[in-house]
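Input: a single structure, listed below in structure tokens.
Just so it is clear, the structure is predicted and the values come from calculations on it, not from any experiment. The basis for the numbers below is simple: all heavy atoms, side chains too, and nothing from hydrogens, waters or symmetry mates.
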Amino acid sequence: MAGITLKNVTKTYENNVTVIPGMDLEIRDKEFIILVGPSGCGKSTTLRMIAGLEDISSGDLYIGDRRVNDVPPKDRNIAMVFQSYALYPHMTVYKNMAFALQLQKVPKDEIDRKVREVAKVLELEPYLDRKPKALSGGQRQRVALGRAMVRDPAVFLLDEPLSNLDAKLRTEMRSQISQLHQKLQTTFVYVTHDQTEAMTMADRIVVLKDGVIQQVDTPQELYDHPANQFVAGFIGTPPMNFFAAGVEKSAGGHVLHFGDCAIPTEAKGLEPYEGKTVNVGVRPEDIHGEESFLALSHAGTMEVGVDLAEMMGAEIYLYITVNGHKLIARVPSRMAIHTGETVKLAVDGHKVHLFDPETQKRI
């Protein structure tokens, strides 16, 4: 098996557009790592450079201990699964899965054994004689995975493999791919724009912006301790609320002043910002409406009108405007709050995220 190392890897196209200005990344052996970021951030380009489908402009790329900058894709011991499945429409499932092994001149009985073993793991045995057009989207994606698996690659590269599936199938396939990773104990590098996929599947997540790594961490650490305001806003649904607040020293720490709302906080590192403003981030679930919470000493209370109340089943999303800022609060549905009502809400001072207004880095 193999880890992957990128050392100061850059990618510049012929028109002098630099997509990756210099990336250092260590992907551990057997790790499930996911690259996320907005469109055009360089995540698919990075994956294609690892695969050998894009040339590296400078820097070094290692798979295991082997430098592979000039090694063709077929000799890198990697397998790639695409968003489009890329199955041969005139071939059966069996032949699609066997094709790469046939090209490698693998003996017929070994091909048969490998295809049937993988088909069993992916529950594709009943479909081996069918052609792709007779399969559902989820089944086709499993065939694409199976075609990669029969080759026993050291590294799986998956480029938005679930984006063509409907929501229910995506959820099913997420768990299947996670289970597959556990069974195969192989390095997985996965690109997605869907942060739910990233949060539920990854050992670690790489957050990219303009080709630059913003943070590499576990899903929980990214959520709880984002390195900067971009990561904080990118991870989480609904997204984190942001607003500027004045900082004032208090007996128990500091108070953040935001319009008529005063939020007590014991956050560290605020001394240099006393008398100035900081950027405050609050997740929607950390704005509460329960009476028991409103009474707590660390709660910054405010009375607001509800612009829109969105019933989501177990919870309600409240869209509110405070001091000219549009915010979202996530409260339990038992509170039965409706559009147009005036409600009392409170920000949890223990859960605020604070960022420097100039650098946007976490304080």
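Summarising the geometry, atom CD belonging to Gln182 is positioned 11.5 Å from atom NZ belonging to Lys30; distances are rounded to the nearest 0.5 Å. Between the CD1 atom in Ile50 and the CD1 atom in Ile63 there is a gap of 7.5 Å [rounded to 0.5 Å]. The NZ atom of Lys114 sits 10.5 Å away from the CZ atom of Arg151 when rounded to the nearest 0.5 Å. The structure places CG of Asn279 at 8.0 Å from CG of Asp356, a figure rounded to the nearest 0.5 Å. The CG atom of Asp286 sits 5.0 Å away from the NZ atom of Lys351 when rounded to the nearest 0.5 Å. Rounded to the nearest 0.5 angstrom, Lys7 NZ and Ser58 OG are separated by 14.5 Å.
With contacts defined as side-chain heavy-atom distances shorter than 4.5 Å, the pair Ser178/Met201 qualifies. For the pair Asp307 and Lys326, the minimum side-chain heavy-atom distance is below 4.5 Å. Between Arg66 and Val71 the shortest side-chain heavy-atom distance falls below 4.5 Å. Here the side chains of Asn228 and Gln214 are in contact, with some heavy-atom distance below 4.5 Å. Taking 4.5 Å as the limit, every side-chain heavy atom of His338 sits out of range of all side-chain heavy atoms of Val306. Within the 4.5 Å cutoff, the side chain of Met97 has heavy atoms near those of the Val93 side chain.
Cation-pi geometry between Lys95 and Phe99 is not met at under 6.0 angstrom from the ring centre and within 45 degrees of the axis. With a 6.0 Å cutoff to the six-membered ring centre and a 45° limit on the axis angle, Arg283 counts as a cation-pi contact of Tyr223.
Centroid-to-centroid, the aromatic rings of Phe242 and His325 stay 6.0 Å apart or farther.
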Exercise. Should Thr46 and Val191 be marked as a side chain to side chain contact (heavy atoms under 4.5 Å, CB included) after you check the CA-CA gap, both sets of side-chain angles, and the distance that decides it?
Worked result: CA-CA 9 Å; Thr46 302; Val191 161; over 6 Å; no
For this session: In sequence, state the C-alpha distance, the side-chain angles, and the governing distance for Tyr190 and Glu197, and then conclude on side-chain hydrogen bond (donor to acceptor under 3.5 Å, both in side chains).
Result: CA-CA 10 Å; Tyr190 189 109; Glu197 282 177 31; 2.8 Å; yes
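Remark: side-chain polar atoms of Thr277 are not paired, donor with acceptor, to backbone N or O of Ala245 under 3.5 angstrom. In terms of modelled atom types and a separation under 3.5 Å, the side chain of Asn69 and the main chain of Gly59 share a donor-acceptor contact.
A side-chain contact (heavy atoms from CB on, under 4.5 Å) with Met80 holds for exactly one of Leu158, Val155, Leu157, Val189; it is Leu157. Results of the side-chain contact (heavy atoms from CB on, under 4.5 Å) test with Val121 over Met149, Arg142, Arg116 single out Met149 as the only residue that passes.
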